[in-house]
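Okay, so here's the structure we're looking at.
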Amino acid sequence: MNIIITRKHFLPNCTIGSLEVIYEDNPLCPIYLCDTLEPHAINWNKESKVKGKTAIPCGQYKVRYRFSKKFGQNMPFLENVPHFEGIMFHAGNYPKDTQGCILTGCNPAIKNGMVLPFLNNSRSFFTALNNLIYEADKNGEEVVVTIRELS
């Protein structure tokens, strides 16, 4: 299973994107699942990481379950992320809820011409994504996330 995150809105304190899932049996048909919220995305060639306030670099990462002390259960972690440790998908609604991880939910879109820096229904969207990852993992399918920016 492939997960594609496309970063679309670059706000001062966070980045809003969309998350699509591509299944092995239908690789040409991505299915939109939810929106994402990450810390501020930087240009890694020109800027430096600010601990807890910078999004991970664009790229492709394997997803594996590991135990999270913070959440007290197995969580889907991204493997081998340059400059970061402990990056995972989890629920959260606001930039303060992530220090690099990818939050899932529904961005309420635009208000007065501005993209809003938060997500709604994060827990239910994380549960849906986590269930998809769990089933793929249980069936021996590799799970990969690709993070890219809208160009």
Side-chain angles (χ1 to χ4, degrees), residues 1-23 30-44 47-137 141-151:
M1 180 172 77
N2 291 308
I3 299 167
I4 308 292
I5 295 173
T6 304
R7 294 173 174 163
K8 296 181 176 184
H9 304 286
F10 302 90
L11 307 175
N13 64 342
C14 69
T15 304
I16 303 291
S18 66
L19 185 149
E20 298 173 306
V21 177
I22 301 174
Y23 295 98
I31 299 169
Y32 169 80
L33 180 69
C34 63
D35 297 316
T36 60
L37 186 149
E38 302 175 75
H40 174 69
I42 64 170
N43 179 333
W44 285 89
E47 300 172 73
S48 297
K49 173 184 174 182
V50 176
K51 186 175 178 163
K53 298 191 181 294
T54 302
I56 67 173
C58 290
Q60 192 170 68
Y61 307 100
K62 289 183 181 180
V63 178
R64 299 251 195 271
Y65 277 98
R66 293 197 329 243
F67 186 78
S68 164
K69 291 179 186 175
K70 178 178 180 176
F71 292 103
Q73 63 184 37
N74 284 333
M75 297 289 286
F77 281 83
L78 281 65
E79 298 285 307
N80 301 315
V81 178
H83 314 289
F84 290 84
E85 291 182 21
I87 298 298
M88 66 182 115
F89 288 106
H90 65 80
N93 298 305
Y94 300 99
K96 68 176 179 62
D97 298 330
T98 177
Q99 294 187 348
C101 294
I102 302 166
L103 309 180
T104 56
C106 176
N107 182 263
I110 297 172
K111 182 176 183 179
N112 300 327
M114 305 269 306
V115 174
L116 301 174
F118 67 90
L119 299 174
N120 289 329
N121 302 316
S122 184
R123 196 168 306 281
S124 60
F125 282 103
F126 169 71
T127 298
L129 176 63
N130 193 41
N131 288 342
L132 292 173
I133 295 170
Y134 178 80
E135 284 300 315
D137 185 64
E141 202 176 322
E142 183 176 70
V143 179
V144 174
V145 60
T146 300
I147 300 173
R148 62 189 184 187
E149 293 181 355
L150 189 64
S151 52

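What you see is a predicted model; the values in this text were computed from it and never measured. The analysis underlying the following values was restricted to heavy atoms, covering all of them including side chains, and did not include hydrogens, waters or symmetry mates.
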Donor-acceptor side-chain pairing of Tyr65 and Asn130 below 3.5 angstrom
yes
What distance separates [X] [atom1] from [Y] [atom2], expressed to the nearest 0.5 Å?
X: Ile42; Y: Ser48; atom1: CD1; atom2: OG; result: 6.5 Å
X: Ile5; Y: Thr15; atom1: CD1; atom2: OG1; result: 11.5 Å
X: Leu103; Y: Leu119; atom1: CG; atom2: CG; result: 6.5 Å
X: Ile147; Y: Leu19; atom1: CD1; atom2: CG; result: 9.5 Å
X: Phe10; Y: Asn43; atom1: CZ; atom2: CG; result: 11.0 Å
X: Phe125; Y: Leu33; atom1: CZ; atom2: CG; result: 7.0 Å

Exam field: side chain [X] to backbone [Y], donor-acceptor pair closer than 3.5 Å:
X: Ser124; Y: Asn121; answer: yes
X: Asp35; Y: Asn107; answer: yes
X: Asp97; Y: Tyr94; answer: yes

Any side-chain heavy atom of [X] sitting closer than 4.5 Å to one from [Y]?
X: Val81; Y: Pro57; answer: yes
X: Pro30; Y: Ile4; answer: no
X: Phe126; Y: Cys34; answer: no

So which heavy atom on [X] is nearest to which on [Y], and how close?
X: Ala55; Y: Ala41; result: CB-CA, 3.9 Å
X: Phe84; Y: Ile56; result: CE1-CA, 3.6 Å
X: Ser122; Y: His90; result: OG-O, 4.5 Å
X: Val144; Y: Gln60; result: CG1-CG, 3.1 Å
X: His40; Y: Pro12; result: ND1-O, 3.6 Å
X: Phe89; Y: Met75; result: O-CE, 3.5 Å

Does the side-chain contact (heavy atoms from CB on, under 4.5 Å) test come out yes or no for Ile3 and Met1, once each step is laid out?
CA-CA 7 Å; Ile3 299 167; Met1 180 172 77; 4.2 Å; yes
Within a radius of less than 6.0 Å around [atom1] of [X], do more than 12 heavy atoms belonging to other residues, nucleotides or ligands occur?
X: Gln99; atom1: CD; answer: no
X: Lys53; atom1: NZ; answer: no
X: Glu85; atom1: CD; answer: no
X: Phe71; atom1: CZ; answer: yes

Partner of Glu79 by side-chain hydrogen bond (donor to acceptor under 3.5 Å, both in side chains), out of Arg64, Lys62, Arg66
Arg66
Any chance you could lay out the side-chain contact (heavy atoms from CB on, under 4.5 Å) test for Tyr61 and Val63, step after step, and finish with the verdict?
CA-CA 6 Å; Tyr61 307 100; Val63 178; 5.9 Å; no
Which residues pass the salt bridge (Lys or Arg N to Asp or Glu O under 4.0 Å) test with Arg148, sequence neighbours left out?
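Partners of Arg148 by the salt bridge (Lys or Arg N to Asp or Glu O under 4.0 Å) criterion come out as none, since no residue qualifies.
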